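Working notes for the structure below.
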Amino acid sequence: MKYSSYFIPTLKETPSEAEIVSHKLMLRAGLIRKLTSGVYIYMPAGLRSIRKVENIIRDEMNRAGAIELLMPSVQPAELWQESGRWEFYGRELLRFKDRHDRDSCLGPTHEEVITDLVRREIHSYRQMPVNFYQIQTKFRDEIRPRFGVMRGREFIMKDAYSFDTDEKGAEKSYKRIYEAYSNIFRRCGLKFRAVEADTGSIGGNFSHEFMVLSDTGEDQIVNCINCDYAANLEKAEVRCIQNNHNNAKDDPAALEEVETPDKKTIQEVSEFLSVSPERLVKTIIYNVDDYLAAVLVRGDHEVNEAKLRNLLKADQLEMASQETVRSVTGAPVGFAGPVGLKVKIAADNNIKGMVNFIAGGNKKDLHLKNVNLERDFKVDVFGDLRFITPSDACPRCGSEIRFGRGIEVGHIFKLGTKYSKKMKALFLDEQGIEKEAVMGCYGIGVSRTVAAAIEQNHDNDGIIFPIPIAPFEVLILPLQVNEKDVAEAAESIYKGLMEKGIDVLLDDRDLRAGFKFKDADLLGIPLRVTIGSRELKNGKVEMKLRTGSENTLISYHGAVETIIDKVKELYDKAE
RNA sequence: CGGGGCGUGGCGCAGCCUGGUAGCGCACCUGCUUUGGGAGCAGGGUGCCGGAGGUUCAAAUCCUCUCGCCCCGACCA
């Protein structure tokens, strides 16, 4: 490709809308342009990068035995009503009516469509297992799109859906894709980690997220410094160690009321009474489906709603309003406690070991001291209900854990029979018995993967693309395009590389050297070949890696071979 | 959805408080000089000041409404 007849509109200044590095650089390097909030145009060079990622994905998915197809982005409401998600999915699902007044939506994901297809086409164990995938534009009406292509409303996603005859098969399918994903992200040149995760609105019972490690990531992840345990913060299990931080050996003392005027928060109460927050118990009232529940956690801990939702097997879960809290506890927000409460009480495991703790008194400006389990109140259900903290140990091996941030680029789920049951995706097994298909689903954010790669690979001058996903592999930069020798040398190397199938960009623009160098660094093509009259007179051209600073003089004759070798070397390093 | 901020030439911004008929840098066009890290000089074009309504002799500026975008938050008591 010749730059002068291509289209890479670079920007010297950063558009004011961009907040994070990848967003800024993608705009500046002319990879994307915004159309409207959370919706982007993939510009020619950006699209090339996207296509590279897609092709790596295709390659690995095909290798893992998955079959590509392409499903519609417009979907009928009926399918979503059948799965129950027309109600459950919420406002992220963009709904509309067609001219016949039929309810429709833009597909944020395709479980319903694929399950519908499979139930109509697949009837026998002989046709299974199958795994269908597509690379397609999704639309999710995010509450707050941000960070450019990182959290857009419209985005490119690879989604795959596996159908197995039994749990064992599903397990195998899951592992195969897990391996494929590891290969994909490794081949994209990313530093990533697979972590255990919550299943969210997709549903199901087991899942892993593939996280690109980055400080600007939206997700918090936890990993063990010793074993290979790693999890999303939402999912990270807390080891059930009783009696920690607590004087559990103490004998229960007499319950005591204590005035706490206007002291509503844990911090205020603990300061006012001069006790550490871990001697307090926090009581939070929740609206759960069609009932109310109180949740207890230690004062210095925080309720993990994902865990709570799972423990209570709840569909709907939200903190109760101030009015509800008042009617349940008889006190304004800030003074709720378990003693005398008439609602279901769920408590975090850590509560078990606590003796003589402090809790709200269910009366304005009142707390209770020396509250004790069983004697003063009963808990309906115990469980792991809080977020893990840095002082907790690894749930697997007990070693120290570390917190970090990541960008979720892939997510794989074991769905079980959730959709096949509701939508009757049935088949006949060897015995002629009708069974529900066991499903899995697997997503990769394609556009986000490119952004994540930039987030992880850049410097002050611009992007440093890993070669497998760079828009071009080699940039040829002739300095004096009007000097015949230079222009001819550039053209000849350009043609030589093209013939060998190298993706090469020839910057044939008649611009000052500095300008072209700046653009080159901004765009981040991994290998740059500079051709200047000075060195060319000695039969030399220069080769430079975007990652390094040293310019290597190479012989003009044989330059094509030298460059190809270097490209191969870069691929070997990346994979 | 709640709070905050911003919409002025292609991009980044000033002007608005205190109304008087729009400006700077970059980009763009022409010429000359320059030419290995976003050149210099000279000349030039570029705006329904997001939209609608109102106040006024006069509105980018004041008021009302509206649309769009960005940021923060969305209840841990």
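If you're wondering where the values come from, they're calculated on a predicted model, not measured in any experiment. Lettering of chains follows the sequences in order, A, B, ..., and the numbering in each one begins at 1.
For B/C76, neither phosphate oxygen OP1 nor OP2 lies less than 4.0 angstrom from any side-chain nitrogen or oxygen of A/K282. At the phosphate of B/C72, OP1 or OP2 sits under 4.0 Å from a side-chain N or O atom of A/R144. For A/S16 and B/G12, the shortest distance from a side-chain N or O to OP1 or OP2 is below 4.0 Å.
Using a 4.0 Å heavy-atom cutoff across all strands shown, A/E542 reaches at least one base atom of the nucleic acid. Among the protein residues, A/L511 comes within range of no part of the nucleic acid, since none of its heavy atoms lies under 4.0 Å from any strand. Across all strands shown, A/D461 has no heavy atoms under 4.0 Å from either base or sugar-phosphate atoms. Residue A/K516 is classed as having no contact, given no heavy-atom separation below 4.0 Å to the nucleic acid. Within 4.0 Å of A/T14, counting heavy atoms only, lie sugar-phosphate atoms of the nucleic acid but no base atom. Residue A/L522 is in base contact, counting any heavy-atom pair closer than 4.0 Å across all strands shown. Residue contacts shown for A/R153 are absent, as no nucleic acid heavy atom lies under 4.0 Å away. Using a 4.0 Å heavy-atom distance criterion, A/V295 is classed as making no nucleic acid contact.
Here the nucleotide nearest the side chain of A/L479, chosen from B/U34, B/G36, B/C69, is B/G36. Of the candidate nucleotides B/G37, B/G12, B/A77, B/G37 has the atom nearest to the side chain of A/R528. The nucleotide whose nearest atom lies closest to any side-chain atom of A/E13 is, among B/A77, B/C11, B/G36, B/C11. Comparing B/A77, B/G36, B/U34 by their closest approach to the side chain of A/I285 singles out B/A77. Nearest to the side chain of A/K264, among B/A77, B/G38, B/G37, sits B/A77. Of the candidates B/C75, B/G36, B/C70, B/C75 carries the atom nearest the A/M319 side chain, counting heavy atoms from C-beta on. Set against B/G36, B/C69, B/C26, the side chain of A/K12 has B/C26 as its closest nucleotide.
Taking atom C1' on both nucleotides, B/G19 is separated from B/A58 by 8 Å, rounded to a whole Å. For B/G23 and B/U46, the P atoms lie 12 Å apart once the distance is rounded to whole Å. The same atom, P, is picked in B/C17 and in B/C26; the two are 29 Å apart, to the nearest Å. Going from the P atom of B/G51 to that of B/A74 covers 36 Å, rounded to whole Å. With both ends at atom P, the span from B/C29 to B/C69 equals 32 Å, rounded to whole Å. Comparing the C1' positions of B/G9 and B/A60 gives an interatomic distance of 14 Å, to the nearest angstrom. A distance of about 14 Å separates the P atoms of B/G5 and B/U64, rounded to the whole Å. Straight-line distance between the C1' atoms of B/U61 and B/A14: roughly 13 Å, to the nearest whole Å.
If you check distances only, the side chain of A/R28 never reaches the base of B/G12 with a donor-acceptor pair under 3.5 Å.
More than 12 heavy atoms of other shown residues, nucleotides or ligands fall within 6.0 angstrom of atom CD in A/E218. Counting non-hydrogen atoms of other residues, nucleotides and ligands closer than 6.0 Å to NZ of A/K97 gives a total above 12. Heavy atoms of other residues, nucleotides or ligands lying less than 6.0 angstrom from CD of A/E259 number 12 at most.
A/D365 and A/T260 are not linked by any side-chain donor-acceptor pair at a separation below 3.5 angstrom, with hydrogens and angles left out of the test. For the residue pair A/E408/A/H411, the side-chain donor-acceptor check at 3.5 Å is satisfied. Under 3.5 Å, the side chains of A/T389 and A/H301 contain no donor-acceptor pair of N or O atoms.
Nucleotide B/C1: paired with B/G73 (Watson-Crick or G-U wobble, both distances less than 3.5 Å). Across all strands shown, B/A60 forms no Watson-Crick or G-U wobble pair with both distances under 3.5 Å. Pair assignment for B/C28 gives B/G44, based on Watson-Crick or G-U wobble hydrogen-bonding distances that are each under 3.5 Å. As the counterpart of B/C6, B/G68 is assigned, both hydrogen-bonding distances of the Watson-Crick or G-U wobble pattern falling under 3.5 Å. The partner of B/C13 is B/G23, judged by Watson-Crick or G-U wobble contacts that both fall below 3.5 Å.
One interatomic measurement links the two molecules: CD of A/E142 to C1' of B/C1, which rounds to 16 Å at whole-angstrom precision.
In summary, A/R386 and A/D392 engage in a salt bridge, as defined by a charged side-chain N under 4.0 Å from a carboxylate O.
The aromatic ring of A/F515 does not stack onto the base of B/G38, failing the criterion of a centre distance under 5.5 Å from the six-membered base ring together with planes under 30° apart.
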